[in-house]
Student: 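One structure follows; several queries about it will come next.
Just so it is clear, the model here is predicted, and its values are computed rather than measured. Chain letters run A, B, ... following the sequence lines, proteins first, then strands; residues in each count from 1. What you see below is based on every heavy atom in this structure, not just the backbone, and it leaves out hydrogens, waters and symmetry mates.
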Amino acid sequence: MRGLAAIQRDVFRALQRGTPGDPQASRHVRGARPLGPAARLRIYSDQYPLRLHDALHEDHPYLVKLLGHRRFSALARAYGRKLGSKHYSLGAFGAGLSLFLARRPRGFTRPDLSDLACFEWALTQSFIAPDGGKPVAVEALGALGPERFPAASARLAPAVQLVTLRHDVVSLMEALDADRPPPRPRPERSVRLVWRNGMEVFHVPASAKEARALRRLRAGRPLWEVCASFGSGSRAAQAAFSALSMWAREQVLCDLQEP
Amino acid sequence: MSFTRVDLGHGIGLRSRHYPDFLGGGVRTAWVEAISENFMAMGGRPLAVLERARRDVPVALHGVSLSIGTVDPLDARYLRDLRALVDRIQPAIVSDHLCWGSHRGRYIHDLLPMPYTEEAVAHVARRVSQVQEALGRQLLLENVSSYLTYRADALTEWDFLSEIARRADCGILLDVNNIYVSARNHRFDPQAYLDGVPADRVGQFHLAGHRDRGAYLFDTHDGPVCADVWKLYEAAVRRFGPVSTLIEWDEGVPELEVLLRESRRAADREARALQRQHKHRRRAS
């Protein structure tokens with residue numbers, strides 16, 4: 001395997017680093033003017049950052065609009081250089097962008113960029129998440145009755161995302177949609193529920209109680225524990241059942257099960 | 001050891017611009033080819049479109065990230081996700097490229113040419129067998145457009161491809177445009193390529209557009225098939241007979257009717273090539 005392994009090691013390194021003139025790589029490649037080894041390697045090394053850029057661009061239209069194409073391209077280059085692509089699908093390349101921005105890389109210090117990337121990523125992932133689970137009919141929840149309801153459980157559909165944000169990026173996105181000047185970053189801690197109903201993606205703010213209940217659903221806890229997130233007493237029980245009914249209608253829930 | 005060809009006729013790629021057309025049903029194509037990775041481990045609208053298309057016509061799954069030639073171990077996650085998609089869609093054809101595109105767990109998302117050596121033949125043939133075992137079916141390997149060759153090369157590209165297909169007992173997806181592009185870039189005779197590939201292994205053709213960048217041709221899939229590639233396609237039809245043929249158009253994807261027209265053009269070219277061949281044979285007898 002020595003020959004093949006050495007070629008792949010040297011050529012890959014040159015293409016990934018964008019150094020097609022690297023003698024370690026070009027020694028493996030045939031060529032003569034006007035297309036010598038380095039020029040031939042350059043055809044490939046030029047394509048790599050473009051592909052990464054295009055993948056990020058497609059998944060982050062608001063970030064593109066906020067930063068402008070030139071700065072977004074610089075961001076894509078910096079992110080690509082730092083992380084590379086570790087997944088077979090180019091569509092997964094943006095998974096770490098929010099974390100990358102959270103470290104405030106040079107030139108990208110606006111504090112809400114990380115939250116915006118995180119939220120856009122959640123919307124994309126919800127759109128393409130695997131289908132799965134049997135939808136829960138509201139009637140089925142009601143039909144459980146007080147004896148069977150507490151021990152029953154349900155799952156969150158694979159497309160459901162609970163996104164914790166530290167800035168108000170929804171107002172920012174609305175401004176960008178309306179071609180208004182982007183507002184200044186506004187710190188605001190919130191949790192948003194992102195889900196898919198049919199083929200469309202939706203999002204709403206989740207209250208602290210709703211977020212707790214959704215996390216308990218995600219953890220596979222029984223419905224009595226999910227409902228306890230809303231407190232005790234008849235009003236809390238009514239709020240819990242109302243939330244569960246809405247989540248069932250909206251295909252947030254799936255796979256209702258009884259022990 | 002054999003390969004069974006299924007002639008699906010003339011098809012088009014399933015691209016997001018045309019999703020509404022496919023969801024509406026009734027797209028007049030004999031079959032479609034979907035990029036496997038765009039649907040692996042996914043659901044929602046993309047998968048709904050693919051499943052709708054599958055209800056209407058046969059589907060081929062065409063991968064771009066198997067990286068069959070890398071010295072890395074096969075990506076178990078990739079094989080698991082592809083197998084799940086294959087089981088769900090039941091495609092007529094499953095294919096990927098004879099290339100490498102990853103190293104030490106990093107992906108370059110490109111189709112890098114292999115060195116044409118005996119070592120690489122043995123390496124790739126062994127891996128193709130593993131993939132076919134994991135998928136429970138035969139794979140077709142496609143020749144890529146290339147802009148470089150290696151000093152280590154000891155075989156022609158067509159001998160390399162043919163030997164892997166024979167040893168791994170897999171099929172060949174012959175991209176006629178890629179042969180043309182590589183022939184110009186590396187100065188070989190494209191007809192020699194066609195003549196060098198075993199006819200009983202060829203299970204699919206690709207046709208596409210490319211760009212002339214002066215010093216080399218660049219495979220872009222962003223326009224119609226050029227006259228020289230149509231001629232080479234006719235030569236391929238005469239050599240291999242009628243083979244499932246796909247028009248690849250991935251950049252600046254046109255309206256569906258334009259794509260379908262290009263596909264019909266391929267069907268006409270195939271018919272013309274077969275007719276000529278028939279006449280030649282009649283004269284000869």
Student: When B:His210 is tested against each of B:Tyr180, B:Tyr216, B:Trp249, B:Phe218 for ring-ring contact (aromatic ring centres under 6.0 Å, His included), which residue passes?
Tutor: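 Among B:Tyr180, B:Tyr216, B:Trp249, B:Phe218, the one meeting ring-ring contact (aromatic ring centres under 6.0 Å, His included) with B:His210 is B:Tyr180.
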
Student: For B:Ser146, which atoms come within 4.5 Å of any heavy atom of chain A: side chain, backbone, both, or neither?
Tutor: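 Both parts, backbone and side chain.
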
Student: Which members of residues 22-29 of chain A, sorted by number, sit under 4.5 angstrom from chain B on a heavy-atom basis?
Tutor: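 Heavy-atom contacts from residues 22-29 of chain A to chain B are A:Ser26, A:Arg27, A:His28, A:Val29.
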
Student: Can you check whether anything in residues 75-84 of chain B gets within less than 4.5 Å of chain A, heavy-atom wise, and list it by number?
Tutor: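 The residues closer than 4.5 Å to chain A, in numerical order, are B:Asp75, B:Arg77, B:Tyr78, B:Asp81.
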
Student: Heavy-atom pairs under 4.5 Å with chain B are the metric here; pick the option from A:His87, A:Met199, A:Arg13 that has the most.
Tutor: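 The option with the most such pairs is A:His87.
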
Student: Using heavy atoms and a sub-4.5 Å threshold, report which of residues 152-163 of chain B line up against chain A, by residue number.
Tutor: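 Checking residues 152-163 of chain B against chain A gives B:Ala152, B:Asp153.
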
Student: So A:Phe119 and A:Arg192, side-chain contact (heavy atoms from CB on, under 4.5 Å) or not? Walk me through it.
Tutor: CA-CA 9 Å; A:Phe119 193 52; A:Arg192 289 196 83 84; 3.8 Å; yes

Student: Please classify the contact of A:Ala129 with chain B as side chain, backbone, both or neither, using a heavy-atom distance under 4.5 Å.
Tutor: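 Looking at A:Ala129, just its backbone touches chain B.
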
Student: Does any N or O in the side chain of A:Gln16 come within less than 3.5 Å of the main-chain N or O of A:Gly84, such that one atom is a donor and the other an acceptor?
Tutor: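 No, because the side chain of A:Gln16 does not come within donor-acceptor range (under 3.5 Å) of the backbone of A:Gly84.
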
Student: Taking NZ, NE, NH1 and NH2 as the nitrogens, is one of them in A:Glu200 or B:Arg45 under 4.0 Å from a carboxylate oxygen of the other?
Tutor: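 Salt bridge absent between A:Glu200 and B:Arg45.
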
Student: Between B:Arg184 and B:Asp228, is there a salt bridge with N-O shorter than 4.0 Å?
Tutor: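 No.
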
Student: Without swapping roles, check the side chain of B:Arg54 against the backbone of B:Ile89 for a donor-acceptor pair under 3.5 Å.
Tutor: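 Yes; at least one donor-acceptor contact below 3.5 Å.
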
Student: Within residues 51-62 of chain A, which positions have a heavy-atom distance to chain B below 4.5 Å?
Tutor: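 Counting heavy atoms that sit under 4.5 Å from chain B, the residues of residues 51-62 of chain A involved are A:Arg51, A:Leu52.
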
Student: Run the ring-centre check on A:Tyr79 versus A:Phe93 and record whether the distance is less than 6.0 Å.
Tutor: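 Ring-ring flag for A:Tyr79/A:Phe93: true, centres closer than 6.0 Å.
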
Student: Counting distance only, does the side-chain N/O of B:Ser67 pair as donor-acceptor with the main-chain N or O of B:Gly101 below 3.5 Å?
Tutor: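 Such a contact is found between B:Ser67 side chain and B:Gly101 backbone.
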
Student: If only atom types and distance count, is the side chain of A:Asp131 paired as donor or acceptor with the main-chain N or O of B:Gly43 below 3.5 Å?
Tutor: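 No, the answer is negative, given that no donor and acceptor are paired below the 3.5 Å cut-off.
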
Student: Checking B:Met40 against chain A: side chain, backbone, both or neither under 4.5 Å from a heavy atom?
Tutor: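 Both backbone and side chain.
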
Student: Do A:Asp255 and A:Arg155 sit within salt-bridge range, that is, some charged N less than 4.0 Å from a carboxylate O?
Tutor: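 Judged by the 4.0 Å cut-off on N to carboxylate O distance, A:Asp255 and A:Arg155 do form a salt bridge.
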
Student: Strictly by modelled atom types, are B:Ser182 and B:Ser145 linked by a side-chain donor-acceptor pair under 3.5 Å?
Tutor: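 No, no side-chain donor-acceptor contact under 3.5 Å.
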
Student: Would you say B:Gln90 has more than 12 foreign heavy atoms packed within less than 6.0 Å of its CD?
Tutor: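 Atom CD in B:Gln90 is packed in, count exceeds 12.
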
Student: Check whether B:Leu47 gets within reach of chain A through its side chain, its backbone, both or neither, counting any heavy atom under 4.5 Å.
Tutor: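 For B:Leu47, side-chain heavy atoms alone lie under 4.5 Å from chain A.
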
Student: With no hydrogens and no angle check, just 3.5 Å: does a side-chain donor-acceptor pair link B:Glu142 and B:His97?
Tutor: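 Yes.
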
Student: Quick one: does A:Ser89's side chain have a donor or acceptor within less than 3.5 Å of a partner on A:Gly91's backbone?
Tutor: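 Checked: pair present.
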
Student: Side chain, backbone, both or neither: which part of B:Arg187 has an atom under 4.5 Å from a heavy atom of chain A?
Tutor: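 Contact with chain A is absent: no heavy atom of B:Arg187 under 4.5 Å.
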
Student: In terms of heavy-atom proximity below 4.5 Å to chain A, should B:Leu111 be classed as side chain, backbone, both, or neither?
Tutor: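 Backbone only.
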
Student: State whether B:Tyr147 and A:Arg40 meet the cation-pi test: NZ (Lys) or CZ (Arg) under 6.0 Å from the six-membered ring centroid, and within 45° of the perpendicular axis.
Tutor: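 That pair does not qualify as a cation-pi contact.
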
Student: Please identify, among A:Leu15, A:Val11, A:Leu41, A:Leu90, the residue contributing the most non-hydrogen atom pairs under 4.5 Å to chain B.
Tutor: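 It is A:Leu90.
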
Student: Using heavy-atom distances under 4.5 Å, tell me whether B:Thr70 contacts chain A through its side chain, its backbone, both, or neither.
Tutor: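 Contact with chain A involves both backbone and side-chain atoms of B:Thr70.
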
Student: Does atom CZ of A:Arg218 have more than 12 heavy-atom neighbours, drawn from other residues, nucleotides or ligands, at distances under 6.0 Å?
Tutor: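 Above 12, so yes.
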
Student: Quick check against the 3.5 Å criterion: does B:Asp250 have a side-chain atom that pairs as donor or acceptor with the backbone of B:His221?
Tutor: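 Such a contact is absent between B:Asp250 side chain and B:His221 backbone.
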
Student: Which region of A:Gln8, side chain (C-beta onward) or backbone (N, CA, C, O), has a non-hydrogen atom less than 4.5 Å from a non-hydrogen atom of chain B, or is it both or neither?
Tutor: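 It is both, since atoms from each part get that close.
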
Student: Between B:Arg126 and B:Glu133, does any NZ, NE, NH1 or NH2 come within less than 4.0 Å of an OD or OE carboxylate oxygen?
Tutor: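 Looking at B:Glu133 and B:Arg126, the cut-off is not met.
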
Student: Run the ring-centre check on B:His206 versus B:His62 and record whether the distance is less than 6.0 Å.
Tutor: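 Ring centres of B:His62 and B:His206 closer than 6.0 Å.
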
Student: Should the pair B:His103 and B:Trp100 be assigned to parallel (<30°), tilted (30 to 60°) or perpendicular (>60°) ring geometry?
Tutor: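 Ring orientation, 0 to 90° scale: perpendicular.
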
Student: Name the region of B:Ser102, side chain, backbone, both or neither, that has any atom closer than 4.5 Å to a heavy atom of chain A.
Tutor: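 For B:Ser102, the contact with chain A is made by the backbone alone.
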
Student: Determine, stepwise, if the pair A:Phe108 / A:Phe100 fulfils ring-ring contact (aromatic ring centres under 6.0 Å, His included).
Tutor: CA-CA 10 Å; A:Phe108 303 98; A:Phe100 179 74; 7.9 Å; no

Student: Indicate yes or no: does B:Asp222 engage B:Arg211 in a salt bridge with an N to O separation below 4.0 Å.
Tutor: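 Yes, this pair counts.
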
Student: Under 4.5 Å heavy-atom distance to chain A, tell me which part of B:Phe39 shows up: side chain, backbone, both or neither.
Tutor: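 Answer is neither: B:Phe39 stays 4.5 Å or more from chain A.
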
